[in-house]
Structures are given as C-alpha cells and as structure tokens.
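Each remark here refers to the structure printed beneath this line.
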Amino acid sequence: MSFCFNFDISAQTNLPAEVSGDNSKSEEKEGDQKYAEVEDKSSAGPVKEAKEHLPPLDPQFLLTDAVFETVTIGTLPPLHFLNETIFERTASEREDVEKILSCREEKNSDLISGVYEGGLKVWECTYDILELMEKEGETFRGKAVLDLGCGAGLLGILALKRGARMVLFQDYNSTVIEQLTVPNVFLNCQEDDEVESDGEKKGKGKGKKQDEDGCAEKGKDDSNANSPPPKKRVTDLSKHSLLEKCHFYSGDWRTFLPLVLKRKPQPKFDIIFTSETIYNTCYYPALHETLHQLLAPGGLVYLATKSHYFGVGGGLHLFETFVEQRGVFSLNHLWDGAEGLQRHVVVLQFKKPKDL
Ligand SMILES: C[S@@+](CC[C@H](N)C(=O)[O-])C[C@H]1O[C@@H](n2cnc3c(N)ncnc32)[C@H](O)[C@@H]1O
C-alpha cells in the first residue's frame, strides 16, 4: 500500500474530533477499537530485519563531491547534511539495494509504508526539537542518546557535537543509514574550518524558513539556483574520535529492539529523540515497547510531531491516548506551535511511583 502525501496539514481546516482534544467517552471507545486493530496488524506481514551498519573503513568516497547544506540555530553548533536535491539527482549512481530511491521517484511519494518510511529528507519537526534544545541549553555531556527514526540524523549529530558519550542512529531503511546518515555524520566530523565558506548560508534558522512556506528544501534550492551549494573537502575521517561514539542500525523497530538488546552491556539511553514517527498507528505498539525498553531510568524522550497526519491516520492525540492506556510514561507538552502550525514537541518520562 502506498501513500502519496507529504504530511502537509495546512490545507485542512477542520480537525477530526479524535485529534481536536474532545475526549468524549464514545470517542475513547472508538480509540480502543483502533488500538485492538493496530495490535493485530503489527504482528502480521513481513518484518524488515534489523542490522547493524559499521561505518566504512575508508569513508572518503562517501563525501567525494558531496554537496551539503548547513543549519545554524542560535548557539547550537552548525549541522551539515547532504543536499536533498543533489542527492536525488545523483540517486541512480548510488548503491541502493532496497531500491527506495527509484521507488520513491516512481511513486512520487515521501512515504511508502513498509518499504520506505521517509528518512531521505529532513522533516520539519526536526527543526522544532533543535529550536527547543537551543532554548533549553541541553549540553548532552556524558549522555547516551538514541536518534530513533533518524533519517538524516541531525538530532543525533547535535548530541554528538555537544559531547554525548554515545549516539545510536536507527532508521527503517538501510539505504538511508548508508547513503545519508553515515555520510552526514562524517560531514560533521570534519572540522568547521575545512568548510569552504563561499555560498554557505551561515546563521540561517532553517526551521523558521520552513514555518513560512512549509517547503524549505525547495525554497532554498530555488534561491541557490545560481550559486551551487558548497562542497566538503575530504580528509581522513576513519579514525575520528566522534565516530567511535556512534552506532548505526536499520530495520523495523520490532526486530531492531531485540537486536540492540543483545549489545553488551545492554544499552539504556538518557535521551531518546524521535521526530515525525507517530504518523502510523500500526507502529505504536512497537514504538512504545522500544521506548519502554531502551529509556534509562530518569531519561527523557523528546518526541516531535504534527497534530495529525492526513492520509495515514496517526497523530498526537491518538498517540497520547495510547501512551495513557499503557500506563508506563507520563507525557507533557513542551512546545505547541502557534495557531495554524499544528506541530508539537512533547516529553515522555517513566511515571513516578506516586503517579501509578
Ligand atoms: C518521516 S521520517 C522522519 C525522519 C526524521 N526523524 C526527521 O524528522 O527528519 C520517519 C522515520 O521513522 C522511522 N520509522 C517509521 N516507522 C518505523 C518502523 N515501523 N520501524 C522502524 N523505523 C520506523 C523511519 O526510520 C523514518 O525515517
């Protein structure tokens, strides 16, 4: 089954009752039925096998002629990532065992459920978490961080650059991890003084730009039409100290969780980031279990999401109800977009004994 949508909620004016915050009893019942259905679906059908990806010993080739963008928000370190448009243009030359690049192009879709889960582009809620991290002054020093459903990996990269002790990147698709997340981590391992500054848009708050037109990638690409985005110089990265702190996994959460739990010592994360991952209610049981098993006592899950994902059905209200029913986490809103934005950042933490 494929969905042809880009999570654009701006066209919708009337939210369905289930996401409008109206908790009437009958709607709660309807919600319960949905979850019963969700559990059935999640245990059926083929499951994408998880695997660990070791960064290549000679990563230079990943960055040869790489064309990248930089997001700079406040005092956060600049975060570099491969330019999506150029990435797409060179797609046919890339190794893509999963064939998601061609599939995505063919179906003209940002998400093909169970095949490609959207990791090839940076979704706007990622910028909301970055803005929040800037506001909260989170240092990450000495912390273990999981970027769950990482895509380009900007949140994990921020933690890495800010002194996290360990960062684990997970994405559904191995192509995303190998062709995008790993190269992005390499890009950021290079010293900033190696960045050719010509044409680079330092100081640009990309999240804000997205708020304005909802389509920052295209807007920015147009404005760059006459000045090609900058390229990275290639240096020996294979022994970079930041890389030793990173682990990369692909696969479905249902197989990722048992695989990652086999690590010795078993990992627990002080911070889990997960941005734009609650669009499909079928995935809630596996997502919740992953958070439950991998969050350290006292740890925090920062979850960023749109209110509702039209065309797929998930959204914050349904996820909040699900979390409440499970009774494991408390959930608090940290940021709710001003009227019209309908985006949110929430934090989950284990319920304290007095809350149980
Ligand atoms: C819309 S993308 C968001 C990517 C990135 N977090 C961002 O904000 O730019 C959703 C991500 O969730 C992950 N994901 C969704 N469903 C998943 C599942 N069932 N198992 C594992 N990962 C899943 C995929 O890795 C995918 O990249």
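In this chain, numbering begins with 1 at the start of the sequence shown.
- Side-chain contact check for Tyr283 and Ser113: at least one donor-acceptor pair (N or O, by modelled atom type) lies under 3.5 Å.
- Between Leu155 and Thr126, the shortest heavy-atom contact is CD2-O, 3.8 Å.
- Pairing each heavy atom of Ser102 with each of Asp96, the nearest pair is N-OD2, 4.1 Å.
- In this structure, Phe350 has its ring center under 6.0 Å from that of Phe329.
- Distance check, rounded to the nearest 0.5 Å: NZ of Lys48 to CG of Asn173 gives 5.5 Å.
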Phe140/Val167 under side chain to side chain contact (heavy atoms under 4.5 Å, CB included): CA gap, chis, key distance, verdict: CA-CA 10 Å; Phe140 302 99; Val167 180; over 6 Å; no
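- Contacts classified as salt bridge (Lys or Arg N to Asp or Glu O under 4.0 Å) and involving residues 143-159 (residues at least two apart or in different chains) are given here: Glu138-Lys143.
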Please evaluate residues Leu76 and Val71 with respect to the criterion side chain to side chain contact (heavy atoms under 4.5 Å, CB included), reporting the C-alpha separation (whole Å), side-chain torsions for both, the decisive distance (0.1 Å), and the verdict. CA-CA 9 Å; Leu76 298 185; Val71 58; over 6 Å; no
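- Once rounded to the nearest 0.5 Å, the distance linking CG of Leu54 with CZ of Phe248 reads 10.0 Å.
- The salt bridge (Lys or Arg N to Asp or Glu O under 4.0 Å) search around Arg263 returns Glu52, not counting sequence neighbours.
- Heavy-atom minimum distance, Cys103 versus Val115: SG-CG1, 4.4 Å.
- Under the salt bridge (Lys or Arg N to Asp or Glu O under 4.0 Å) criterion, Lys245 pairs with no residue, sequence neighbours left out.
- Atom CG of residue Leu294 and atom CG of residue Leu148 lie 8.0 Å apart, to the nearest 0.5 angstrom.
- Taking each heavy atom of Thr281 and Pro285 in turn, the nearest pair found is O-CD, 3.9 Å.
- Looking at Ile157 and Phe169, their side chains come closer than 4.5 Å, going by heavy atoms from C-beta outward.
- A heavy-atom distance below 4.5 Å is found between the side chains of Phe186 and Pro55.
- With contacts defined as side-chain heavy-atom distances shorter than 4.5 Å, the pair Ile278/Phe322 does not qualify.
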Report the C-alpha separation of Arg104 and Ile100 in whole Å, then their side-chain angles, then the decisive distance to 0.1 Å, and conclude whether the side chain to side chain contact (heavy atoms under 4.5 Å, CB included) test is met. CA-CA 6 Å; Arg104 182 195 190 203; Ile100 59 168; 5.7 Å; no
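- Side-chain contact between Gln170 and Ile177 is absent, with no heavy atoms from C-beta onward closer than 4.5 Å.
- Residues satisfying the side-chain contact (heavy atoms from CB on, under 4.5 Å) test with Lys51, not counting sequence neighbours, are His53, Ser174, Glu178, Ser250.
- Summarising the local packing, CD of Gln293 is surrounded by more than 12 heavy atoms from other residues, nucleotides or ligands at distances under 6.0 Å.
- For the pair Asn184 (side chain) and Leu154 (backbone), a donor-acceptor distance under 3.5 Å is absent.
- Closest heavy-atom contact between Gly119 and Leu180: O-CD2, 3.4 Å.
- Under the 3.5 Å distance criterion, the side-chain polar atoms of Glu276 are matched with a main-chain donor or acceptor of Cys125.
- Distance alone, capped at 3.5 Å, places no donor-acceptor pair between the Lys306 side chain and the Tyr279 backbone.
- No side-chain donor-acceptor contact under 3.5 Å links Lys135 to the backbone of Leu130.
- In this structure the side chain of Trp335 never reaches within 4.5 angstrom of the side chain of Ile129, judged on heavy atoms.
- For Leu300, the side-chain contact (heavy atoms from CB on, under 4.5 Å) test picks out Tyr302, Val347, Gln349, with sequence neighbours left out.
- When the options Leu168, Thr181, Val182, Val185 are evaluated for a side chain to side chain contact (heavy atoms under 4.5 Å, CB included) with Cys246, the one that passes is Val185.
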Using salt bridge (Lys or Arg N to Asp or Glu O under 4.0 Å), reason through Glu131 and Arg343 one step at a time and then give a plain yes or no. CA-CA 13 Å; Glu131 300 266 2; Arg343 301 201 309 269; over 6 Å; no
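- Neither Tyr172 nor Phe319 shares a network with the other; the hydrophobic side chains, linked directly or stepwise wherever heavy atoms of I, L, V, M, F, W or Y lie under 4.5 Å apart, form separate groups for each.
- Looking only at distances, a side-chain donor or acceptor of Asn83 sits under 3.5 Å from a matching main-chain atom of Ile86.
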With side chain to side chain contact (heavy atoms under 4.5 Å, CB included) as the criterion, how do Glu320 and His344 come out once you've worked through the C-alpha distance, each side chain's angles and the decisive distance to 0.1 Å? CA-CA 12 Å; Glu320 276 189 275; His344 311 266; over 6 Å; no
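- Side-chain contact between Leu120 and Leu101 is present, with heavy atoms from C-beta onward closer than 4.5 Å.
- Here the closest heavy-atom approach between residue Leu348 and residue Leu295 is recorded as O-CD2, 4.4 Å.
- The side-chain heavy atoms of Leu316 and Ser307, taken from C-beta on, include no pair separated by under 4.5 Å.
- Atom-to-atom distance recorded for Leu303:CG and His333:NE2 is 10.0 Å, nearest 0.5 angstrom.
- The shortest distance between side-chain heavy atoms of Glu289 and Trp253 does not fall below 4.5 Å.
- No donor-acceptor distance shorter than 3.5 angstrom exists from the side chain of Trp123 to the backbone of Gly151, with no hydrogens or angles considered.
- Side-chain polar atoms of Glu98 and Tyr116 form no donor-acceptor pair below 3.5 angstrom.
- Side-chain polar atoms of Thr70 and His80 form a donor-acceptor pair below 3.5 angstrom.
- Checked by atom type and distance alone, the side chain of Asn280 never pairs as donor or acceptor with a backbone atom of Gly314 at under 3.5 Å.
- In summary, Arg162 and Glu136 do not engage in a salt bridge, as defined by a charged side-chain N under 4.0 Å from a carboxylate O.
- In terms of the salt bridge (Lys or Arg N to Asp or Glu O under 4.0 Å) criterion, residue partners of Asp270 (sequence neighbours excluded) are, by chain and number, Arg165.
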